[in-house]
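Chain naming here is simple, since letters A, B, ... match the order of the sequence lines and numbering starts at 1 in each.
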Number of protein chains: 2
Amino acid sequence: MVTLDLQSLIIRFREYLQNKGLSYTPQRRVIFEYLCKERSHFNTEELIASLREKRLKVSRATVYRTLGHLEDAGFLRQVALNSTQIHYEFIANTKHHEHVVCESCGSIIEFSDPQLEERIEAVAAKHNVSITRHNVQIFGICRRCREQVKT
Amino acid sequence: MVTLDLQSLIIRFREYLQNKGLSYTPQRRVIFEYLCKERSHFNTEELIASLREKRLKVSRATVYRTLGHLEDAGFLRQVALNSTQIHYEFIANTKHHEHVVCESCGSIIEFSDPQLEERIEAVAAKHNVSITRHNVQIFGICRRCREQVKT
DNA sequence: CAATATTTGAGATCTAATCTCAAATATATA
DNA sequence: TATATATTTGAGATTAGATCTCAAATATTG
């Protein structure tokens, strides 16, 4: 039962904006719809380049600002796949998952593991921290890359 | 049974350097000893500032280069505590652990949870990835910060 | 419709990280 | 030991991502 429908995502976004006294401007619409349709993982510069390619004119500053709002609103999640760039993923229409990253080819495998999630909850509870988000990254070499090295 | 002794750490570092055909220069020594003695978590700019304060003269470029070697050698581990800076921790003398970060006060709680580690191994195995490193970050609000807000 | 508040965009600024290349050091070789 | 060779360093330039500034444009409110 996952919300994939664009219209209902837009409604959720508009509600969020309204609650904050913000308006649903054309720029915010462009960015939001683009992300809903096209993207799962991305970093901001990639996104800016893609928008530019499609002649969707939104300034760099507005993109950064809008991503901040989308993160606050819970549509985006920062994932720590790489250390010198903010990397996001759109989460409103996918189920929660973590990442395995191949350090050789950069490919990303998504996984979800309920037992792992349980442990994370347990750890947070044990330290009396009310959890807002979490991240798990596993880095390694994927099978394909291991096989290529052998050759 | 943890190696805390500076001398044996230095020996390990020198062995690593030797194997790679690199030399144990005064600059590398300064950085390494400083990290062994003073630091657990740090980012590179902080480290550069600290060295400068202590009048330990090593250029920025050399610090960045040396940290790269130390990471390769397994003395440092990148931890994803913050998205726009590389954050390291010195791991040669501590046991493996993960982090809970308070988003309000920035305090860091270290924890280790064998069951969680087990799940990570299991996931990597399932996807046939030979694991090189992993990271778990839990973000939230610590008890102290929650209590302060109430007031 | 006027007054007020919000948002945008262009470009400046900041910061982290990397690169460049000549000078300094270190190492190997004769 | 002298010479040749390779490595390392440091100062500063460069790059890249992110943020800031502020006037102009747009939206909202009374």
Side-chain angles (χ1 to χ4, degrees), chain A residues 13-34 39 41-52 54-73 76-89 106, chain B residues 13-34 39 41-52 54-73 76-89 106:
Chain A
F13 186 36
R14 298 190 67 156
E15 274 169 3
Y16 168 84
L17 291 171
Q18 197 149 40
N19 285 339
K20 291 266 179 179
L22 304 171
S23 37
Y24 187 59
T25 63
Q27 289 87 344
R28 287 175 184 156
R29 189 182 63 72
V30 160
I31 295 167
F32 186 68
E33 293 193 358
Y34 184 81
R39 290 307 182 128
H41 294 105
F42 65 96
N43 63 50
T44 315
E45 295 298 320
E46 274 171 18
L47 172 61
I48 290 168
S50 309
L51 292 172
R52 196 149 292 165
K54 299 220 163 190
R55 318 265 171 241
L56 298 170
K57 295 214 169 174
V58 189
S59 74
R60 154 183 263 80
T62 298
V63 172
Y64 274 96
R65 284 186 288 234
T66 302
L67 295 181
H69 293 308
L70 290 173
E71 197 187 349
D72 288 348
L76 293 180
R77 171 182 181 220
Q78 286 194 27
V79 290
L81 300 186
N82 139 350
S83 30
T84 46
Q85 258 181 330
I86 295 177
H87 200 105
Y88 287 104
E89 71 185 0
Chain B
F13 185 37
R14 298 190 66 155
E15 274 169 3
Y16 168 84
L17 290 171
Q18 197 147 40
N19 284 341
K20 292 266 177 176
L22 304 171
S23 38
Y24 187 58
T25 63
Q27 290 85 344
R28 287 175 183 155
R29 191 183 60 72
V30 160
I31 295 167
F32 186 68
E33 294 193 357
Y34 184 81
R39 290 307 181 127
H41 294 106
F42 65 95
N43 64 50
T44 316
E45 294 299 320
E46 273 170 19
L47 172 61
I48 290 167
S50 308
L51 292 173
R52 196 148 293 166
K54 300 218 163 191
R55 317 265 172 242
L56 298 170
K57 294 213 169 173
V58 189
S59 74
R60 151 181 267 79
T62 298
V63 172
Y64 274 95
R65 285 185 287 234
T66 303
L67 295 181
H69 293 308
L70 290 173
E71 197 187 348
D72 287 349
L76 293 181
R77 171 182 179 220
Q78 286 194 24
V79 290
L81 300 186
N82 139 351
S83 29
T84 45
Q85 258 180 329
I86 295 177
H87 200 106
Y88 288 105
E89 71 184 359

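Under the rule for a salt bridge (charged side-chain N to carboxylate O under 4.0 Å, His left out), B/R52 has no partner lying at least two apart in sequence or in another chain. Shown here are the side-chain hydrogen bond (donor to acceptor under 3.5 Å, both in side chains) partners of B/R14, two or more places apart in sequence or in another chain: there are none. Applying the side chain to side chain contact (heavy atoms under 4.5 Å, CB included) criterion to B/K57, with sequence neighbours excluded, gives no partner residue. The salt bridge (charged side-chain N to carboxylate O under 4.0 Å, His left out) test applied to B/R77 returns B/E89, B/E98, not counting sequence neighbours. Partners of A/T84 according to the side-chain hydrogen bond (donor to acceptor under 3.5 Å, both in side chains) rule, which considers only residues two or more places apart in sequence or in another chain, do not exist here.
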Output one letter per nucleotide in nucleotides 13-30 of chain C: B when a protein non-hydrogen atom lies under 4.0 Å from the base, S when only the sugar-phosphate is that close, - when neither is. ---SBBBB------S---
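The CG atom of B/L56 sits 15 Å away from the P atom of D/dT9 (whole-angstrom rounding). A/F32 has its CZ atom 17 Å from the P atom of C/dT7, to the nearest Å. In this entry the distance linking NE2 of A/H69 with C1' of D/dT19 reads 14 Å, nearest Å. Spacing between atom CZ of A/R29 and atom P of C/dT7 amounts to 17 Å, rounded to whole angstrom units. Whole-Å rounding puts the A/L47 CG to D/dA18 P distance at 11 Å. Atom CD in A/E46 sits roughly 14 Å away from atom P in D/dA16 (whole-Å rounding). The interatomic distance linking B/Q27 (CD) with D/dT9 (P) rounds to 5 Å, in whole Å.
Using a 4.0 Å cut-off, no side-chain N or O of B/S59 falls inside it from OP1 or OP2 of D/dA11.
For the pair B/F42/B/L67, a side-chain contact is recorded, criterion being any heavy-atom separation below 4.5 Å from C-beta on.
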